[in-house]
Amino acid sequence: MSTGSVAKTVKRILSAAQPQSTFPLASTSRIIISPPILTTRFSPCNCNLRTYSTQPVQHKQGAAPTRKKRTINDLHSLKRKKVPITVLTAHDYPSARFIEQSALPPPTEVQASSSSSSSSSTSSSSTPSPHPRGVDICLVGDSLAMVACGYTSTTSLTLQEMLFHCRAVARGCTTSLLVADMPFGTFLPSVTHGIEAATKIIQEGNMDAVKIEGGLEVAQLVSQLTSLGIPVMGHVGLTPQRQAALSGYRVQGKTSDGAFHVLQDALAIQEAGAFAVVLEAIPGRVGKLISEQLDIPTIGIGAGVGCDGQVLVQLDMMGVNSLGKGPRFLKTYADLEGTATSAIRSYVDDVRSGNFPEEKHSYPIDDKEWEDFKQVVSDVERDSENAQELRPLP
């Protein structure tokens, strides 16, 4: 008999013997129940029991079902099925929560699903969505150096700063595959340095995988990491960490030789064991051909619709103009900067004009307590005045 079954059985026996008891039983099973409650003052707690951490909590009718954690196998399956892979960056807890929440169906969809299931007794499940919900990969990209930290380039970001952001993102996003960039300089001195930095990102940053910019020159590091069980995503084409050496953020692969060089880099990263590779700022036709040549998924950012997936920087696509003029491949889906700026102006105006806070934003006090409080203040003031009168002159 399992520990969960034992706990249930014992609880039923004790409940029969002591009907008023609402105390949880100790066991290795997870029992979700409120802290001990005194039955002489409160009614018994109607709580549900949960046995075994591997068994999901039963959702109420109409509640959005949770999504399974995305895996590398899921990404390869999406490539085989030709379902585009979704990737978006996050840099802190709120931005990670936005990604996590996006995996849930809209409230209207949940309500419609609930109504259809209640009206039809023969239907066992609602019609499945044609595409998987939510973001497949949550990327803690070193672009946060510029959009979240205000640095002028990604090369200023340190490993310790990256770890701070990784931990925050990991707390907010739990069902996407979590990937973090290896910051500039963390793997340049040697393969050993790279292994140490990658280990910290996985162990201290709570990430699932790391991303490394470069091609043939980093293949050995990618091979070493994957052999040690650290998943690696590659990044070829335009590599922002080397923008100074490239004379800026320039499109790569525009010539025959340049395109072949990008292909060679992508193949080298695949051969080294990477599970996916980012293709940045290359002609769309080049991105499509490379995607067809590779067995692993390609994630495009300015590499055309022919890639196996797409990635954008969340703050950029939200309309936060941290970089001024955005790149050509950027599509904005909101005006978060305009909305936030307008909201702050409205707040300032409300405070200046006395329209905030209103009565509903304040906490009440009982009338009798208020009168007693005023009397206490009056007594203190009177005693203070009397003390001043009795104080001798210097």
Practice problem: Tell me, please, which residues at least two apart from Ser102 pass side chain to side chain contact (heavy atoms under 4.5 Å, CB included). | Solution: Val135
Quiz prompt | Polar side chain donor-acceptor pair, Glu280 to Thr239, under 3.5 angstrom | solution = no
Minimal non-hydrogen separation, [X] against [Y], with atom names:
{"X": "Leu238", "Y": "Gln252", "result": "N-CG, 3.5 Å"}
{"X": "Ser176", "Y": "Glu100", "result": "N-OE1, 4.4 Å"}
{"X": "Ile282", "Y": "Gly237", "result": "CG2-CA, 4.1 Å"}
{"X": "Gly205", "Y": "Leu163", "result": "N-CD2, 3.9 Å"}
{"X": "Glu337", "Y": "Asn321", "result": "OE1-N, 2.6 Å"}
{"X": "Met207", "Y": "Cys166", "result": "CE-O, 3.4 Å"}

Answer yes when [X] and [Y] have at least one side-chain N-carboxylate O distance shorter than 4.0 Å, and no when they do not.
{"X": "Arg345", "Y": "Asp349", "value": "no"}
{"X": "Glu161", "Y": "Arg167", "value": "no"}
{"X": "Asp379", "Y": "Arg382", "value": "yes"}
{"X": "Lys374", "Y": "Glu371", "value": "yes"}
{"X": "Lys288", "Y": "Glu292", "value": "yes"}
{"X": "Asp208", "Y": "Lys69", "value": "yes"}

Quiz item: Is the gap between the ring centers of Phe356 and His361 under 6.0 Å?
Solution: yes
